[in-house]
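Order of the sequence lines sets the chain letters (A, B, ...), proteins ahead of strands, with each chain counted from 1.
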Number of protein chains: 2
Amino acid sequence: MVNDTRQLNRMAVLTELLRIRPASRKQLAAASGISAATVTRAVEQLIAEGVVVEASELVSVQRGRRAVLLDVVADRAFVVGIDLGASNTRMLLADLVGTPIARRELVTPVEADAAHLAEWLASAAREIAGERWQRVAGLRLGLPGAVGRDGSTISNAPNLPQVEASGFLELVRAAADRPVGADNDANLALLGEQHFGAARAAPTAVMVTIGAGLGAGIAIDGRILRGARGVVGEFGQLPAGPLGTRLELMVTGPGIMRLAAEAGVRLDSPADLFATDASEPVRALRAHFDQAMLIVLTAATVSCEPEVIVLGGGIAKSLARDLGRYETVLEHHLGAAPRLLASELGDFAGATGAVVAALHEVYRGMGIDERAFGDLPVATADEPEPEPADRPR
Amino acid sequence: MVNDTRQLNRMAVLTELLRIRPASRKQLAAASGISAATVTRAVEQLIAEGVVVEASELVSVQRGRRAVLLDVVADRAFVVGIDLGASNTRMLLADLVGTPIARRELVTPVEADAAHLAEWLASAAREIAGERWQRVAGLRLGLPGAVGRDGSTISNAPNLPQVEASGFLELVRAAADRPVGADNDANLALLGEQHFGAARAAPTAVMVTIGAGLGAGIAIDGRILRGARGVVGEFGQLPAGPLGTRLELMVTGPGIMRLAAEAGVRLDSPADLFATDASEPVRALRAHFDQAMLIVLTAATVSCEPEVIVLGGGIAKSLARDLGRYETVLEHHLGAAPRLLASELGDFAGATGAVVAALHEVYRGMGIDERAFGDLPVATADEPEPEPADRPR
DNA sequence: TGACTTTGATTGCTGAGTGAAATCAAAATG
DNA sequence: CATTTTGATTTCACTCAGCAATCAAAGTCA
């Protein structure tokens, strides 16, 4: 049969359980629209497979038989989400339902060649997983560059050129002996913010990361938009200034310093541009910066009309108190503006998103319908922030 | 049963038949992966419902029983696609598989109020359908303005403000006594080009329409991107020039004339800007125009990395010989560029897209999975252009 | 304390509906 | 005209969903 009803129903039950975990059979039947009899049988099989367990019974508050709560066996599988940055690398170990187990922040061995970098990544992943390594189902890598739609062609990573080496992912895969996927880091950061951060409940959202460079991720209806060659979100390439200067050269840290130097203004760091007590020439520079930012935000809005634009990266931190103002101007120009929010996950947004992407890969392997990924895993109210690592360094 | 396998299989067979029309039961079984027995039963029911007929048998070229070709009953239902423009209105009557039956080009009664406009549309639709009106399953309206995600809130239509009146669509619906949907005209033009025009086989594409205004439609994986309030594709709102001039004021017909006047250059029409033997001052203007166009094209590329950008509208006609040049520059800036193509459907792109959208609505009503819409209806090789209307005027 | 009520889970049963394989149908071939 | 080949249909065994009856385990009430 092309359409295996049995499998479909079993996965519908599992999906619902992941969503409203923990839940009784009856709840699952109601939520999924499947009959109680079928849910019983599906759960029976899921328990036999070891994917689901009967958890403690609900304390009874009403008459009648107590419902038996079911839950996913969260420690059945783990994933490692890795944000491989040009200077720092963040790693997050999480279980099957997205609960963060451990985090690491490491200095990227930028001098290492592709092979050594791959080795290093694999051993760091082994280290963070510890004795759980056997159960690690896959790694996900966020890279500071463009990743093609096939998920293996990597290009445009000037800050970490090793990863462009053909076969780099293959090396990691071999070294870790696990499935390894890759994505652009801005995309993953957005995915992270959508599932556990500022863009919660915003299936259509954009994340703009401004730091040493300008990157952006776009998600539409809970699905990350990944172009064939990773050009999506390259708003930094838009011509802005008079001579067609690219936005990237006006809005990023290095760009700000360069413009200041050209204008004969002395800035100790890009952050000085945003001081409230800035001098007149700095304010003039600031006006230019704001104009450039508005182009970025307009382009982002107009590209997909996101409900939320999340701003992340070093420069964005200085913009926190300007978001309302930007929002007003956007609203005025376009008639409708998305909410502008600062990143909630900060430096770990990318790694968090990598965890989500890795989990989606695992879910796909289990047979769960991709259309349910938009709200899986669901952020549990009490753990938006990962618990501190058991052994940070 | 939540998941009615029978219905699912029947629709899978019908979808396949719409795709590879006409086809034998065996072909359908092979194409859909469903067993021959089930296909026979599904077809039996589809024939009983009057949706499918046995057509002529295939002339036999090999030994064995002849395959009986099946086909969709194309004249079982019709749709009217309407492109309601600020000056002209184009209508297209098409059958269930998208074959154009008749076309009209009418002068929009711009002076009419919402109620009269609705009346006029309904009677024009009745007229084009003639005795087929009974079988017209629905109308689709392309409007020069923003249509909200709900498909009923209309805003930002300065060139035809009547349609913004609340309840306008309801009036058309009542006057025509048929389901009526609405969409932005640029979106529909893109849909048309994707199914029957320049963007054939480009599920991810952008269409930019430049005439009296600047509009754009974006389609991702065969799905038109429709923002909550229709801001998607408003690239014209991007600030471009020195003082933050909006692109719309630089690249459209009126914008060109205004800029020329400001620069003290005399242009008889916007088209003069693109003359090969233009004078020096005109060339300078032209350089500005090109720069603005590149912003639009960059923004479009970066927003979703389309395989194709289709250019339509009055101004775009003058750009035909520049597309290659633009492509080269884009390629140079972004490392990867979409193909730039001129609209193939021209003035009727919007109406064609409206037909496609109306058909999708009909298909949805029949129970066909939305994920199949991307390639339904399929352009038949020998009729990319609608046949001349039976009574044009 | 025990009959009764209530709620959740399980099971027996029936009917829907699929696919494999056998069969039928209709053609060309030798 | 028997044989072969190909497409369509039918037979048959099997899967599996849902309904409804039943079982299980609680609280309630006299």
Legend entry - Spacing between B/Ile47 atom CD1 and D/dT9 atom P, to the nearest angstrom: 8 Å
Could you go through nucleotides 21-24 of chain D and list every protein N or O atom that sits under 3.5 Å from one of its N or O atoms, giving the distance for each pair?
from	atom 1	to	atom 2	distance (Å)
D/dA24	O4'	A/Arg65	NH1	3.4

Inset, instruction - Give the rounded distance in Å between these two atoms: CZ of B/Arg66 and C1' of D/dT5. - result: 14 Å
Legend entry - Sequence neighbours excluded - salt bridge (Lys or Arg N to Asp or Glu O under 4.0 Å) pairs with any residue from residues 354-363 of chain B: B/Arg140-B/Glu361, B/Glu361-B/Arg364
Inset, instruction - Give me the ring orientation class for B/His360 and B/Phe373: parallel if the planes are under 30° apart, tilted from 30 to 60°, perpendicular past 60°. - result: parallel
Legend entry - Spacing between A/Glu54 atom CD and C/dT10 atom C1', to the nearest angstrom: 12 Å
Inset, instruction - Starting at atom CZ of B/Arg10, determine the distance to atom C1' of C/dA16, rounded to an integer number of angstrom. - result: 14 Å
Legend entry - Euclidean distance, atom CD of residue A/Gln7 to atom P of D/dA17 [Å, nearest integer]: 11 Å
Inset, instruction - Taking only the side-chain heavy atoms of A/Lys26 (C-beta and beyond), determine which of C/dG19, D/dA8, C/dA9 contains the nearest atom. - result: C/dA9
Legend entry - 4.5 Å side-chain heavy-atom contact, B/Asp221 and A/Arg223: no
Legend entry - Counterpart residues, salt bridge (Lys or Arg N to Asp or Glu O under 4.0 Å), relative to B/Asp177 (two or more places apart): none
Legend entry - Strand contacts (DNA chain C) in residues 36-46 of chain B, 4.0 angstrom heavy-atom criterion: B/Ala37, B/Thr38, B/Arg41
Inset, instruction - Return the value, rounded to whole Å, for the distance between atom CZ of B/Arg6 and atom C1' of C/dG19. - result: 14 Å
Legend entry - Set of side-chain hydrogen bond (donor to acceptor under 3.5 Å, both in side chains) partners for A/Arg19, sequence neighbours left out: A/Glu16, A/Asp375
Inset, instruction - Kindly say if A/Asn9 contacts the phosphate of D/dC16, meaning a side-chain N or O under 4.0 Å from OP1 or OP2. - result: no
Legend entry - A/Arg173/A/Glu170 ion pair, N-O < 4.0 Å: yes
Legend entry - Value in whole Å for how far the P atom of D/dA25 lies from CD of A/Gln62: 17 Å
Legend entry - Integer-rounded Å distance: D/dT9 C1' and B/Leu28 CG: 16 Å
Inset, instruction - Enter the distance from B/Arg25:CZ to B/Leu69:CG here, rounded to the nearest 0.5 Å. - result: 10.0 Å
Legend entry - Distance (rounded to the nearest 0.5 Å) between B/Arg226 CZ and B/Ile224 CD1: 9.5 Å
Legend entry - B/Arg10: partners by salt bridge (Lys or Arg N to Asp or Glu O under 4.0 Å), with sequence neighbours left out: B/Glu49
Legend entry - Most 5' of B/Arg63 and B/Ser24 on DNA chain D, judged by nearest nucleotide: B/Arg63
